[in-house]
Every structure is written in structure tokens, then in C-alpha cells.
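Only a predicted model underlies this, so the values are computations on that prediction, with no experimental measurement involved. Values below: every heavy atom of this structure, side chains too, minus hydrogens, waters and symmetry copies. Lettering of chains follows the sequences in order, A, B, ..., and the numbering in each one begins at 1.
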Protein chains: 2
Amino acid sequence: MNLTAAEENYLKAIYHLSDGASKSVSTNDIAAEMKTKPASVSDMLRKLGEKEVINYRKYYGVNITPEGKKLALQTIRKHRLWEVFLVEKLNFAWDEVHEVAEELEHIQSPLLIQRLDAFLNYPKFDPHGDPIPDEFGDVKARPRIPISEMEIDQSGQIVAVKDSSAAFLRYMDKVGAYIGARVKILDKVEFDGSVEILVDQKKSIFMSKDVASNILAVQS
Amino acid sequence: MNLTAAEENYLKAIYHLSDGASKSVSTNDIAAEMKTKPASVSDMLRKLGEKEVINYRKYYGVNITPEGKKLALQTIRKHRLWEVFLVEKLNFAWDEVHEVAEELEHIQSPLLIQRLDAFLNYPKFDPHGDPIPDEFGDVKARPRIPISEMEIDQSGQIVAVKDSSAAFLRYMDKVGAYIGARVKILDKVEFDGSVEILVDQKKSIFMSKDVASNILAVQS
DNA sequence: TTTTGGGTTTAGGTTAGTCTAAAAATAAGT
DNA sequence: ACTTATTTTTAGACTAACCTAAACCCAAAA
Ligand SMILES: [Mn+2]
Ligand SMILES: [Mn+2]
Ligand SMILES: [Mn+2]
Ligand SMILES: [Mn+2]
């Protein structure tokens, strides 16, 4: 099954919106995610349905098929490997890689990806802490929770960010939060859910619930 | 000036067919080079003419403009840098890189190319011996002649191949000819122009004029 | 159970890039 | 100079990916 770049982007969006499962996804949500109009989405869903990478019943949303999931994971694998390359080898900042990886992920060459993977020493996670699927599409999920859901006095380690936008990542840099940092919850404000955390046993950061919910950690 | 991938490919073809100068190029030749039909070429020439990267007078062929030449050289620069990356870093064979580089060259990111160039240590030549233009589009040409034009007993060093097709490159590998090899002309057959050469002072190779004209050397 | 409003699809149009077939322009041969 | 032959362009169609505007579906509220 050969997909165009646009089809790959849509399929990836559908995969993400279904949270990796085969949960049903709506036309409007896809349009929002893809920054296109619902009419364009309907058009694309018909095509993806014909290619049997999604199950499409008009007016009832779509579910990704096992075949579609495999293809989406291949694209995600490529995206994340390229991100690792850009950061590790070309010294890109983690907030500069997404757009370029969005283009690079569509290069068609199994050999290229196989060799890139080896060159990067088979990385398991991308610069944002997201797991890199293996060549068969297997992802080993790490248990992780938003620090907004951690309790006072609990400790953990930042392992990923939910929002990979440049704006959010630059905020992370600014306050000195990074993947791998050790954190401890110092205080939580009941009223609005904002939290105060201690980073690496020295720096205290105060952040809104919105921010805290985008920082993912493993507890320890 | 922003060009689409297709426009970049056409412009590159026109640049190559004009031998780097602003020599006039015909619709049919472009169609042959691009493996499209003349009708498609006419269409594209109109567009490229409007963007002023070529001078286009109907029925009289096209000339690349200085602006067009600069853009073509940018694409060529990217193509060749990626080829170096694939061979040097990802262990591709020199006959496996062209198709992939043909896709990678269209990735739009000045930062990416600048960083890639640095990562590769500012290479001056690609795996086929072709010079890599600098970021301003300057290429320093090396004097080089096909070994079919060398005289008996003359010596030199292989610096490039004119034909970068996988078939030709695999032939080069098979007979043990490579970029950097020292060669000496042992014999030339008047009748058909075929030649016998000595490679690295040990291996003698007999080849047709056609082959010999695709191997470029500097005399010494 | 009928109305109504939000979500979704269809209808019809646009641009890029390709094609075939036919027309037109230039170049070549007598 | 006139008639061919070759090259090139135009005309008309197709697919992919988008759009706007209009029609349509369906589920929740009246
Ligand atoms: Mn993409
Ligand atoms: Mn990422
Ligand atoms: Mn190309
Ligand atoms: Mn090359």
C-alpha cells in the first residue's frame, strides 16, 4: 500500500486523535488537527477508506484499521528518528525540529531509515520523550503521568512533553525544565490546579495547571 | 522566489543541459531528460518564464537567467551534500544515493543545509566527484578530461564520473575503478576508440570508448 | 414527534502537474 | 519558393489536494 504525503499526514492525525487505539474520530476534529476544512477531510476519508487504512461510515466518524495503524506508526517512526538526527547530529534545538521532520518523514526509502536508525544507535525515544516505534510498528509505552496529577511531596523524573510546539518548548528551556530532570512537587493550589515544583533539588518553579498537564513524568 | 519540487527538478535539468552556461535548450531535450512529454514541458516553461528563472521565447528554446542559475545551483548543492551524507555517514554505496538525494534535495530548510554542511565538514565534492556549490552558488571547477581523450602512456587520477547511473557505477566497482584511482593509458584501439588502462599500477582494464568517455581524470 | 442546529457530505471550482491528440510554427529538401 | 518533416504549442482531460457554498443527516430539545 502506497500513500501520498498528504495521506500519510491525515493518517498520522487520525492515529493521534484515536490515542493509539482504534477509537472513533470525527471529521471536524481531523480538520482542526490538519488545519484544513471539513469538506477536504470528507474527500480524504473517502480515499483512505478505499485504501482500507480506515473504516469509514459516512456521518459516523472513522476508525483506523490494523493496516492503517501499522502505516501511521511507520511514518511516526520516521518522524521521530529524523528528530533525533537533527538534535543529536546537527545540533538543532528541540523546538526547531518538528517542521523539518514533518517533511523528512515522507522520504520513501526503507534502506535510508534502516541505516539512519543504526547511525543513531537505535534510539528508543525522540527529543520530546516520545517512544520510537520499531520497524514492525511496535511501541513500548512507558507509564507516565502529567505532573499536574502528582501529589504534594511526590518525586519523579520528567520523561516527555505532551505539547511539542516551539512556544511550549522554549518556555521549558526558559524555566530550566528538561527531559531527564528530577522533580518534586512542593505545592499545589487547590483553586486553579497550579503547582510549584522543585527541579534537580535546587530550582523551584511555579506553573499553571495548563503547563503542568503538558509535562509528563515517571514517579519514583 | 519559491519553487515547487517539480519546478526545481525542471530548472536543474535545464541548468545541466545548458552545461552550466546560459546556452539555449530545447523542449524535446528537456522532455527526454525529465522523462515527460514535450507538451508537459511547454506548460512548465511558461510557468518558469513567468517566475523569470528562464527566458522563454516560444519555439526558440530557453535560456536560464542568472537568478535561475542561482536557484538551480542551490538545489544541486543540496543534492550533492545529501549524497555525501548518505555515503559517508549512512554507508550507502555510491550507486544507491541518487534516487534518495533526488527527494531529499527538495526539503526546504536553510538551517538544515547549513548544519548538514558543517556536520560533513564542508565537503568540496560529492561521491561521484562532482563539485558542491557553496551557499552563494559558486562552484570551483576542476579541469578534468574523459580518459577516452588521454594519450597512450599518459598518467592521471580518476576524479569523477560523467554517468552516475547505478548500472555504470556498478560496472566501475566490478572492474575496480574508483574516484581517486591512479590510471595510465596502456593502449588505444584506433578502430573503435576503446582503451586499455592500468589502475593503481597493478590492474589492467580493457574498456569501450563509451565507458572511457564517462570516466573523468586529471592528468599528471 | 416535530423542529432545529451542529456536524458532515456533496456540488462545483481552482491550481499543479501530467497526459494524448491535434494544430501551428519553424526548419529542411527539392 | 513550395512542399514536407520535425519540433513545439495548444486544446482538452485527468488526478490529487485543496476551497466555498449549499444541501443533507441526525440527535437533542421542545
Ligand atoms: Mn508530514
Ligand atoms: Mn517529537
Ligand atoms: Mn529532485
Ligand atoms: Mn552525484
Write out a two-atom table: protein N or O, nucleotide N or O from nucleotides 22-24 of chain C, distance below 3.5 Å.
none

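Going from atom CD1 of Ile30(A) over to atom P of dT8(C) covers 9 Å, rounded to whole Å. Whole-Å rounding puts the Asp43(B) CG to dT10(D) C1' distance at 10 Å. Rounded to whole angstrom, the span from the NZ atom of Lys37(B) across to the P atom of dT20(C) amounts to 5 Å. Residue Arg46(A) contributes atom CZ, which lies 17 Å from atom P of dT8(C) at whole-angstrom precision.
Ring pair Trp94(A)/His128(A) is parallel by interplanar angle, where below 30° counts as parallel and above 60° as perpendicular.
Salt-bridge annotation for Arg46(A) and Glu50(A): present, with a side-chain N of the basic residue lying under 4.0 Å from a carboxylate O of the acidic one. Between Lys51(B) and Glu7(B) there is a salt bridge, since a side-chain N of the basic residue sits under 4.0 Å from a carboxylate O of the acidic one. Look at Glu149(B) and Lys188(B) and you find no salt bridge, because none of the NZ, NE, NH1 or NH2 atoms lies under 4.0 Å from a carboxylate O.
Backbone-only contact: Thr27(A) has heavy atoms under 4.0 Å from sugar-phosphate atoms and none from a base. Using a 4.0 Å heavy-atom criterion, one finds that Thr36(A) contacts the sugar-phosphate atoms exclusively.
Of all the residues in residues 1-12 of chain A, not one reaches under 4.0 Å from DNA chain C with any non-hydrogen atom.
Evaluation of the ring-ring contact (aromatic ring centres under 6.0 Å, His included) rule for His79(B) yields His98(B) as partners, not counting sequence neighbours.
By the 6.0 Å and 45° rule, Lys89(B) stacks over the aromatic ring of Phe119(B). For the pair Arg80(B) and Phe85(B), the cation-pi test (distance below 6.0 Å, angle within 45°) is failed.
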